[in-house]
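Report on the following structure.
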Amino acid sequence: MLDASDEGYVTEDGRRIGGVLMEMKNITLRFGGVKAITDISFDIREGEIRAIIGPNGAGKSSMLNVISGFYVPQEGEVWYKGAKRPPMKPYQVAQLGIARTFQNIALFEGMTVLDNVMTGRLNYMKTNMFQQALWKGKAEAEEVENREFVEKIIDFLEIQSIRKTPVARLPYGLKKRVELARALAAEPSLLLLDEPMAGMNVEEKEDMSRFILDVNDEFGTTIALIEHDMGVVMDLSDRVVVMDYGKKIGDGTPDDIRSNQAVIDAYLGVAHD
Amino acid sequence: MLDAAETQTETLLEVNNIEVIYNHVILVLKGVSLKVPKGGITALLGGNGAGKTTTLKAVSNLLASERGEVTKGSILYRGERVQDLTPNDLVKKGVIQVMEGRHCFEHLTVEENLLTGAYTRGAGKAEIDADLEMVYNYFPRLKERRRSQAGYTSGGEQQMVAIGRALMSRPETILLDEPSMGLAPQLVEQIFDIVKSLNESEGYTFLLAEQNTNVALRFAHYGYILENGRVVMDGPAQELRENPDVKEFYLGMSDEGRKSFRDVRSYRRRKRWLS
Amino acid sequence: MFYREAGDFKTSYEEDSQTFPIKFDRYRYYFVLAFAFAVVPFVINDYWVNAIFMPFLIYSIAAIGLNILVGYCGQVSLGTGGFMAVGAYAVYKLMTAFPEVNIIFHVIAAGGITAIVGVLFGLPSLRIKGFYLAVATLAAQFFLVWLFNRVPWFYNHSASGQINAPERTVFGVEVTGPNTEAWATYLFCLVFTLICAILARNLTRGVQGRKWMAIRDMDIAAEIIGVDPLRAKLSAFAVSSFFVGIAGALFFAVYLGAVEVGEAFGINKSFLVLFMVIIGGLGSIFGSFAGAAFLVLLPVLLKNTLVGGLGWPTDLASHLEFMIVGALIIAFLIAEPHGLAQLWRVAKEKLRLWPFPH
Amino acid sequence: DLVFPSLSYRTGPYAAGGIPFADGYADYFTLLNERDGGIGGEKIQMPECETAYNTEKGVECYESTKGMGSLVYQPLSTGITYQLIPKVTADGIPMLTSGLGRTSAKNGAVFPWVFNFPANYWDGASVAVKHILDQEGGDISGKKIALVYHNSAYGKEPIRTLEELSKKHGYELSLIPVDHPGQEQKSQWLQIRRDRPDYVIMYGWGVMNQVAIQEAVNIRFPMDKFIGIWWSGSENDVKPAGDGANGYKALTFHNLGSDYPLYDDLKAHVFDKGLAAGAGDQHGTAIYNRGLYAAMLVAEAAKTAQEIHGTSQITPAMMRDGMEALEMTEEKMTALGLPKFGPEFTVSCENHGGNGFAAIGQWDASAGEWKLITDYMQSDQDIVQPLIEADSMAYADEAGITPACN
Amino acid sequence: MPDQLIYAMEVFLNGLMAGVLYALVALGFVLIYKASGIFNYAQGVMALFAALTLVGIMEGQVPFSHLINAMFGTEIHHFGWHLPALVSILLTMAVMVLLAWAVNKLIFNHLVNQEPIILFMATIGLAYFMEGFGDIMWGADIKKLDVGLPQGINTAIDETTYGWFGYGFFIDNLDIVATVIAAILVIALVIFSQYTKQGRAMRAVADDHQAALSVGISLNFIWVMVWSLAGFVALVAGIMWGTKSGVQFSLSLIALKALPVLMLGGFTSIPGAIVGGLLIGVGEKLFEFSVGPLIGGATENWFAYVLALLFLVFRPQGLFGEKIIERV
Ligand SMILES: Nc1ncnc2c1ncn2[C@@H]1O[C@H](COP(=O)(O)OP(=O)(O)OP(=O)(O)O)[C@@H](O)[C@H]1O
Ligand SMILES: Nc1ncnc2c1ncn2[C@@H]1O[C@H](COP(=O)(O)OP(=O)(O)OP(=O)(O)O)[C@@H](O)[C@H]1O
Ligand SMILES: [Mg+2]
Ligand SMILES: [Mg+2]
């Protein structure tokens, strides 16, 4: 186990991980009779890439939903930036600087890629409706300013050529990338990724990995990710939480997890190389 | 298991040089041909947007509902032209598709979802119950969730429902579109094991579109690689696995074995056979 | 290749986000404007104004308003007739209460009042979605009509329960009342329509429009990325009702001149405007115009050909008109579910590629 | 040529009323053309325009026909009438709204271009009450009268009059509105069943009429105490209720049935030549007769105009003069082949609405026909006239009109 | 018992009956919505069309006679026969099946997989078309419809209640018949949709057109079946309402009475249509009875909607409607 002291730790490849950014304390979530999450606690540290893994239906996505405020757990507390987060609506959570992508792509199908990514900047655009209606002046200036930022993200994720394409027409992999772009546009301090690499081939996974690492590196964004590709998880993440049937069955560095018998039984099947 | 030599057996499904256009303007498939031998597992590989799903939908005649159409070429099943059939005729002929992205009936329970799979069968209740039991055997998780609405099940559970539903129709040929997407590793293995065992014991034929090239090539007999709406390479799975390009771009292996995803940060432009 | 956008590069983001990024389109737009302002007023007569232009312009405003709600924000509303009635009665009360104030302000204020009413009836949209919401908005429709019919204060206690537009002028030219000139009412409506269209365009191209569209496309995801659904929906209701209210005010004051609420603003009106929006194209300002033109012009055209041209009995003709309109709606939907605007877009795309098929 | 456009509605929710009227209106003019070669030697043109009872279409129809030199409009819709009042006033084309439209337009000093002879809604209400008075031997104090009305401007017309009359005669009035279209009237008729009013007066239109009569039959309300306005008195309204509707009464300002010499002419010159308007299956019905009657009034006014101005080629303004000088006498009607077809009346600038005579018709279910059971009675002018005065003056104020008769 | 209470009871009972009649119309909506996610605006017009056809067949009207006469100057109107009600109903049913088939062949087959609002719009087009078509085919005049259903006050109930309260309740015989028919219909339809293979397929289609196709469900077959069923329901509703008010254009407006019922009961629930109908019927009648006189009456039109709306705020999918699944 790592020494998870308040000051953080240093990873194998020499990155400094900071203090606790978000902490889940004894979260329990039920849907009628179904217990999706049972008494789970873990933390996410600043600058860290934190993976959540587990069999299907283990409650991983539900956990992300709890973090982003979409599900309200019956029990437990969410601590963010050192304070207990009061009950809030998802959009308020987003305003705290938490952005995410979705397991089943949730892009706005009726808009172009550019507009989709621009929605990521919503919380930075403050003109009111009257200024909007007049357009010239404040609204336009703000639009241009944010557009510049978005263009940077678009460059970064190499989706320049599809800027004006309606997202409905894009193949799956590109959609995932656009979704990431939208999340990044919000300049989040915590980025939640739900299976960002599902449905991709190795090469695309490599691209995606590169983006994730770069985001983490360049912007210092903290990332929590769910992924089923063990290769990716083990290579990218600093620490891993393992869930099974709503319970936490492991938490630690990839190496710890690899050799954790409970995890092997419940999830990996065979010891992963 | 069939090996390369035996694929000379009867060709069940034959796609000849088809072109597909969406919305009258977007040309997606630019001449795709492939053959699916009876009793074999044929893999269709390729990156995002290569046209795998489109090819499968062209075969199962689901394109019309997406405003797409096959404008050229022909599709033969057992030597018979099937382009003009309705999807349900095709299911009656024994071809069923498991669609990409699950597509469960959200408001139906898991069990009802499975039962819709048996829609085209005239089988009696006992027989269908037996098949239901078989599916539950394959996917015990579904048995636990049988009474809940499919819309509320997790991604992986939905994938199981979709596959189970297809099995319920007792097909001859299954078109599987990305069965491994979003599944936990053991489940992926398990699903491919199921594919294999169905193939071997029941003689089901599979045409399988997959991103997870690694697994796909392990289980398939023959593979086609699609890029940008064209078949750029095909061959017995064994050979494809050995091919250095495939190794690098689809299996993520370099000469030193598996690369770490951390090491890809240095820029690297991909090589394309065609674009 | 008839239609080219190649070579039309943008060097700044302002240029890139303008309404008609393609030069050809921009010129066509200026041309249409110039024609509408400088030529039409001199050649039209009563018939053209009262039977075609005025309904077209006014319905365009209503359609733009409804399009914001349905097409951009995804909240289907069948209360348009009721909201138009609010605009009409508001402008009537204002006109009679403050005769010295210019009617332009009355019309705008009527829009404002309608916006407030719209927000009230939009409140349930936070919980109620889809067709449930559509049907729920009928409550507004029926309640408002009942209210205006019921409470004599709204129609200044007139014996008949009808409201009549008194005479009002703009720059000394009469725009309401019996003695108006065709060109004056036409220009009056045209200016309102144009301004409304520009405002709507501005609102929909920026951050506000994106919020609405996000809610429309996937409300949950929108909320999770930071859109406050209540505010987004209510603002759509407000803006939409504002336009609809203006349309209602003009409809009563300038176009019909006398109105009975149940007849002029009944449920049929709600459906009519919704048809315009869907046929024209959801989420398209241009579509609102196209839809309004389609449903205003088509019946007149059909009637004139069938009765005037072919000499059919009027009842056969109007039954046939129903059939043709219905069949055309279906045919358009099958050809292009996303409305006339999209049909136009696809046609352009094809033109651009012409003569190559793809 | 003389142009008399017909803004008709043969479709939509009120088609059942619109069709017979339009047929009658057209057939009468066709007869004049065929038999007499028009009016005063001028052929009649009758462009028909479908309004579907919709005000906007009405406006479109008005605009599209007014350029043809139309002499008079007859829209058969209160909504369209209100629309057209300012327009005809500005354009100088007369409009006739017999038994409908804006009641206070009777005051020609305020509404120079609008005519509503021979009777209006307020006359109707008054005559109904008069009939009730007759039935009750002249004393109805303490009796209960319920008004079932179409919840629209039209339906609300009689309320003021009935209220005034109740003050005078001491009956108790209860108001029972029915919303458009009026397919469900359970609550209204349960209320009537509970309250047991002595009489029910109905101002209905469209499907509301049939349902009301059916419900009245269902609750066994005595049919002879149920009186409809003329728009609630067609065959269509009573037939669906079958025998139960026997004895139902309705007001009318013209006679019923087809037992007139004119019908022989119609048969000879129009029906048998295959020139009948519409499907030709409405002849002799109450509303068809109303169409005939309206056309007859228009034609007589045109003749009067031709006489006044000494020209057969009259303009709308001359037509107006003709209407304002119109005099309907029994001789005239007999000469036209329509003896006793309508009340006698004269029009003047102060009085654009005739003398407010109406009669009561009664439905005979076994014979399947309407029969007039009273003579034409005049409405209570003491009550109606001041109301008209007040309302028209209010309009004049609002619209800035100085009432004047030259 | 105080009079007011007795009256209220009568109003209550009549509200129930009226509710059943609304529910009959609502059922047609539910069927089609359930099987295709189509909000069928044309349901009211279908009821009108069914009733027109029924009368036309019964009375031996020549279809399109007006058109034929106008074109060829002929004078044909009637075949001169008079068919028994039952035969005519069966023939009308056949026409409705034909209509269902045509509607699918010509419209909805081309709109598979489109958004609900587009489908909704298509049904509006259909409504326009059928309105004109029905009028041209059978004429726009009012027709009396009598298939031999009893009508008028039920004397047995009147007398019994008179014996109890000294005030006889008014219950319309027609309403009693409607209630019986509606009950049978609802039970049959519930069994059909929940427990049969076709019913399950129907619900599957509603969820996902493409997936339904992929498992071999023939959209065409399901839709023709469902539209036929809806046509049948429309015919029943048309008979009931037509008997009440004659067959004419306004019959199509009964759809407006069915909408709040749908909201309240849930668009997808067959029993919901009945329960919703009863609630709306009772609610609006009682409101009109108690509050109506205070605020000027004629409240029924909006009250039904407002009641449904208030209700929805607490249960957005209606009483029995399928919960709107919200997941990410
Ligand atoms: N309905 C549609 N309309 C327009 N274009 C489409 C449509 N469906 C797919 N396409 C386009 O067709 C191309 C091929 O898509 P397809 O879904 O067949 O790819 P795929 O190989 O299955 O990719 P993936 O691995 O991402 O599923 C893509 O570029 C996509 O944008
Ligand atoms: N809104 C809901 N209502 C009812 N049950 C739910 C709901 N959301 C999730 N569940 C249930 O909770 C369990 C956990 O679901 P979750 O989506 O979190 O799984 P997961 O770990 O993300 O699985 P996968 O890897 O397959 O995506 C599942 O059994 C699911 O059916
Ligand atoms: Mg998940
Ligand atoms: Mg695919």
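Here is the naming used below: chain letters follow the sequence lines, and residue numbers restart at 1 for every chain. What you see is a predicted model, and the numbers here were worked out from it, not measured in a lab.
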- Message: Once ring-ring contact (aromatic ring centres under 6.0 Å, His included) is applied, what residue pairs with a partner in residues 166-186 of chain C remain, sequence neighbours excluded?
- Response: Phe53(C)-Tyr186(C)

- Message: Is Ser152(D) in contact with chain C via its backbone, its side chain, both, or neither, using a 4.5 Å heavy-atom distance?
- Response: both

- Engaged part of Glu157(D) at the chain C interface, taking heavy atoms whose separation is under 4.5 Å: side chain

- Determine, for Lys87(D) against Asp46(C), whether the closest basic-nitrogen to carboxylate-oxygen distance falls under 4.0 angstrom. no

- Item | CD-OG1 distance between Glu260(C) and Thr81(D), expressed to the nearest 0.5 angstrom | 11.0 Å

- Task: Can you check whether anything in residues 173-180 of chain D gets within less than 4.5 Å of chain C, heavy-atom wise, and list it by number?
- Result: Pro177(D), Asp179(D)

- Query: Quick one: of Ala165(C), Ala258(C), Ala51(C), Ala264(C), who has the most non-hydrogen atom pairs under 4.5 Å with chain D?
  - Reply: Ala258(C)

- Message: Between Glu60(D) and Tyr47(C), does the side chain to side chain donor-acceptor pair (under 3.5 Å) criterion hold? Intermediate values first, please.
- Response: CA-CA 7 Å; Glu60(D) 197 264 335; Tyr47(C) 177 73; 2.7 Å; yes

- Item | Spatial distance of atom OG (Ser64(D)) from atom CD1 (Ile52(C)) [nearest 0.5 Å] | 10.0 Å

- Query: Between SG of Cys61(D) and NZ of Lys303(C), what distance do you get to the nearest 0.5 Å?
  - Reply: 3.5 Å

- Interatomic spacing from NZ in Lys156(D) to CD in Gln162(C) - rounded to 0.5 Å: 9.5 Å

- Item | Inter-residue atom distance Glu321(C).CD - Glu50(D).CD, 0.5 Å rounding | 8.5 Å

- What part of Asn151(D) gets closer than 4.5 Å to chain C, counting heavy atoms only: side chain, backbone, both or neither? both

- Note on the structure: Value for CD (Glu56(D)) from CE (Met54(C)), rounded to nearest 0.5 Å, stands at 11.0 Å

- Applying a strict 4.5 Å limit to non-hydrogen atoms, the region of Ser8(D) in contact with chain C is side chain

